[in-house]
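Working notes, structure below.
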Amino acid sequence: MGLTQEQLAQTQAMMFAQFNQMQMQMMQQAMAQAQAQVQAQLQAAEFSKMTEKMREARQQRFEAENPIQQPEIPVEEDDHDKIQKLEDEVAQMKALLAEVLGKESKKGGVSLHEALKRQEVDEEILTEMATKSGAGDTLADCRSTVARVTLSNYLTEHLNFSSGIKLNRHGVRIVALLGTTGVGKTTTLAKIAAKFVLENGVNAALITADTYRISAVEQLKTYSDILGLPLEIVYNPEELNSAIERHKHKELILIDTAGRSQQNSHQMRELEEFLKVNPRIEKHLVISATTKLTDAQEIMNKFTAVNPEKIIITKIDETSSLGMIMNLLRNQKISLSYFTTGQSVPDDIESASADMLTDMLLKKVQA
C-alpha cells in the first residue's frame, strides 16, 4: 500500500531537516578547522617573532663580546663614469628627439635646435642645451620668445661678455688690439675711437705699432685727423713706452699692433716684448667670424703667450654661420668685448652681450 500525500510531505520535510542539520554540522566543523588553522598560524608567527628576537639578542651579545672590524666596501672607481655615461646617453636621446621633432615643426617654422645646427654649432653644445633647458624649449620656433630666452640664458651661463671697453674712474685706460693679418684691427680701432669721442666726448689718443703696412698708418692717420686725435707712430717697445707716458693724462689710449701670424714664433715674441712695457695694457684679441674653427682655436692657443683678456669678433656680416663663436668660446675665461658688423665707421660695431649674440645667431637663420 503506497504512502499518502500527507505522509510523503512529512517524509520530505524530515529529510530536509536532516540535510540542513548535516550541512550545519559540516559548516561548524569547517569553521572550527579554519579557526584552528588561523590560531596555528598566529602561534607560528608569534613563535617565529620570538625566535628572531632571541637570535638577534644572541647575535648582539656575540658581537659585543667579539668585536670585529668590518671591512669597508670598496666603491668602484668607475661608478662616476658609469653615471656620467648614462646621463650623456639620456642627453643624446633628448637632443635626437629635439632634432627629429624640430624637423617636424610647423611648415615655415624652424626650431631653435635646427636653427643652431644650421649655424654649425657643435652637437655637444646642442645636446647640453637640450638637457639643461626646460622640456621642449629647444623645439620652440626660433622666432619665439621661448627660443630667444633659452639661447640667451645658455650663452650667459657658458660664455663671458664684457660689453665693450670700460673707462677708469681715475687714470688712463690703455687698450691694445692684437691679431693676425687681415682681421680688421685698424678699422675696428677707428670704430672704437669714434664711438668714445663722438658719442661721449672722451679725451683719447691713438698709437700705431703697425709699421709693416704703410696703408695701415695712412688709414689711421685719416681717422685721427677726422676725430681730432693725436696719433703716435712707434717702432720699438721703448718708443711705445714713451708714447704712453706722453698721453698718460688722457682718458683712453688705443694701440694698433701689426698683424702677427700664429705660426711665426719670432713675431709672437716681438709682440710680447712690445706689450711688456706697461702692465696696465688691456689686450683685446681680434678674430674674424670667417675664420675656421680649427684655425681660430690655434690662434687663441698661440696668442695666450701675451695673455689677452678680451676678444673682438669682426666681419659678422661676411659669413652666414656664427656657430664658430659658441664653439670657440664656450666655457673659456676670455670674454667677448665687441662685434663688428660692417665697414662703416663708427656705426658697424656693437658691445658684446648674450642678447646681442642671440639676435645675431637667430637673424642669420631667418635671413
Side-chain angles (χ1 to χ4, degrees), residues 116-129 154-155 157-162 165 175-189 191-192 208-213 216 237 255-276 281-341 349-350 352 354 356-357 360-361 364:
L116 294 178
K117 189 171 183 180
R118 293 182 186 182
Q119 288 290 296
E120 300 180 0
V121 174
D122 281 348
E123 285 291 342
E124 183 179 349
I125 294 177
L126 297 177
T127 298
E128 184 176 51
M129 190 181 301
Y154 181 87
L155 294 174
E157 182 178 355
H158 294 280
L159 275 71
N160 292 313
F161 299 88
S162 61
I165 294 170
V175 176
L177 270 55
L178 330 170
T180 57
T181 57
V183 294
K185 293 187 301 299
T186 303
T187 303
T188 300
L189 185 139
K191 291 175 182 178
I192 295 172
T208 179
D210 189 2
T211 55
Y212 292 93
R213 295 186 307 126
I255 304 170
D256 189 21
T257 64
R260 310 286 172 160
S261 169
Q262 73 275 18
Q263 306 287 356
N264 191 317
S265 57
H266 172 72
Q267 288 185 353
M268 294 302 298
R269 284 194 301 270
E270 189 179 52
L271 177 62
E272 191 174 358
E273 290 301 316
F274 256 93
L275 298 173
K276 278 182 178 179
I281 296 176
E282 180 179 281
K283 298 172 284 291
H284 291 233
L285 177 61
V286 182
I287 294 180
S288 169
T290 61
T291 308
K292 291 190 303 183
L293 177 60
T294 52
D295 291 338
Q297 289 171 331
E298 183 180 20
I299 291 169
M300 278 191 60
N301 182 52
K302 293 298 178 63
F303 273 84
T304 54
V306 294
N307 299 313
E309 300 99 344
K310 311 289 177 64
I311 189 166
I312 299 173
I313 302 295
T314 59
K315 304 186 179 183
I316 296 289
D317 58 310
E318 296 183 18
T319 180
S320 60
S321 172
L322 298 178
M324 180 274 287
I325 300 174
M326 291 181 67
N327 301 338
L328 178 66
L329 298 178
R330 184 182 65 137
N331 299 331
Q332 297 287 337
K333 290 183 179 180
I334 193 169
S335 61
L336 274 162
S337 57
Y338 289 103
F339 300 115
T340 71
T341 57
I349 187 168
E350 302 286 350
M356 179 58 64
L357 183 53
M360 290 176 173
L361 283 161
K364 288 290 183 181

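It should be emphasised that the depicted structure is a prediction, and the values quoted were computed from it without experimental measurement. What you see below is based on every heavy atom in this structure, not just the backbone, and it leaves out hydrogens, waters and symmetry mates.
- In terms of heavy-atom proximity, Leu275 sits nearest to Ala176 at CD2-CB, 4.0 Å.
- Remark: Met324 CE to Lys292 NZ distance equals 12.0 Å, nearest 0.5 Å.
- If you take CG on Asn160 and OG on Ser337, they are separated by 12.0 Å, rounding to the nearest 0.5 Å.
- Not counting sequence neighbours, the partners of Arg118 by the salt bridge (charged side-chain N to carboxylate O under 4.0 Å, His left out) test are Glu114.
- Among all heavy-atom pairs drawn from Leu159 and Leu329, the shortest one is CG-O, 3.9 Å.
- Among all heavy-atom pairs drawn from Ile165 and Tyr338, the shortest one is N-OH, 3.1 Å.
- With hydrogens and angles ignored, the 3.5 Å screen pairs no side-chain donor or acceptor of Glu350 with any backbone N or O of Phe339.
- Taking each heavy atom of Ala289 and Leu322 in turn, the nearest pair found is CB-CD2, 4.1 Å.
- Distance alone, capped at 3.5 Å, places no donor-acceptor pair between the Thr180 side chain and the Gly259 backbone.
- Using modelled atom types, no side-chain atom of Asp210 and backbone atom of Asp256 make a donor-acceptor pair closer than 3.5 Å.
- Of the possible polar contacts, none joining the Thr340 side chain to the Ile349 backbone as a donor-acceptor pair under 3.5 Å is found.
- When side chains are defined from C-beta on, Met129 does not count as touching Val121, because their heavy atoms never get closer than 4.5 Å.
- Ile325 is not listed as a side-chain neighbour of Ile311, based on a closest heavy-atom distance of 4.5 Å or more.
- Taking a 6.0 Å sphere around CD of Gln332, one finds it holds more than 12 heavy atoms contributed by other residues, nucleotides or ligands.
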Item to check | Evaluation steps, side-chain contact (heavy atoms from CB on, under 4.5 Å), between Glu273 and Lys276 | outcome: CA-CA 5 Å; Glu273 290 301 316; Lys276 278 182 178 179; 3.7 Å; yes
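- Residues forming a salt bridge (charged side-chain N to carboxylate O under 4.0 Å, His left out) with Glu318 (at least two apart in sequence, or on another chain): none.
- A donor-acceptor pair is defined here as one N or O able to donate and one able to accept, closer than 3.5 Å; no such pair exists between the side chain of Thr291 and the backbone of Ala296.
- To the nearest 0.5 angstrom, Leu116 atom CG is 11.5 Å from Asp122 atom CG.
- Scanning both residues, Ile125 and Tyr154, for their nearest heavy atoms gives CG2-OH, 3.5 Å.
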Item to check | CA sep, side-chain torsions, deciding dist, call: Ile334, Leu328, side-chain contact (heavy atoms from CB on, under 4.5 Å) | outcome: CA-CA 11 Å; Ile334 193 169; Leu328 178 66; over 6 Å; no
Item to check | side-chain contact (heavy atoms from CB on, under 4.5 Å) between Glu128 and Arg330, worked out | outcome: CA-CA 11 Å; Glu128 184 176 51; Arg330 184 182 65 137; 2.9 Å; yes
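- Here Ile313 contributes atom CD1 and Leu285 contributes atom CG; the two are 8.0 Å apart, rounded to the nearest 0.5 Å.
- Residues Ser335 and Lys310 approach most closely at OG-CD, 3.0 Å, considering heavy atoms.
- Among residues two or more places apart in sequence or in another chain, the ring pair (Phe, Tyr, Trp, His ring centres under 6.0 Å) test is passed with Phe303 by none.
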Checklist entry - Does the pair His284 and Thr188 meet the rule for a side-chain contact (heavy atoms from CB on, under 4.5 Å), with working shown? => result CA-CA 11 Å; His284 291 233; Thr188 300; over 6 Å; no
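- Once rounded to the nearest 0.5 Å, the distance linking CG of Asn307 with CG of Leu178 reads 10.5 Å.
- Applying the 6.0 Å contact sphere to CD of Glu120 captures no more than 12 heavy atoms from other residues, nucleotides or ligands.
- Panel note: side chain Glu309, backbone Lys283; a donor-acceptor pair is recorded below 3.5 Å.
- Put simply, CG on Leu357 and CG on Leu336 are 7.0 Å apart, with the number rounded to the nearest 0.5 Å.
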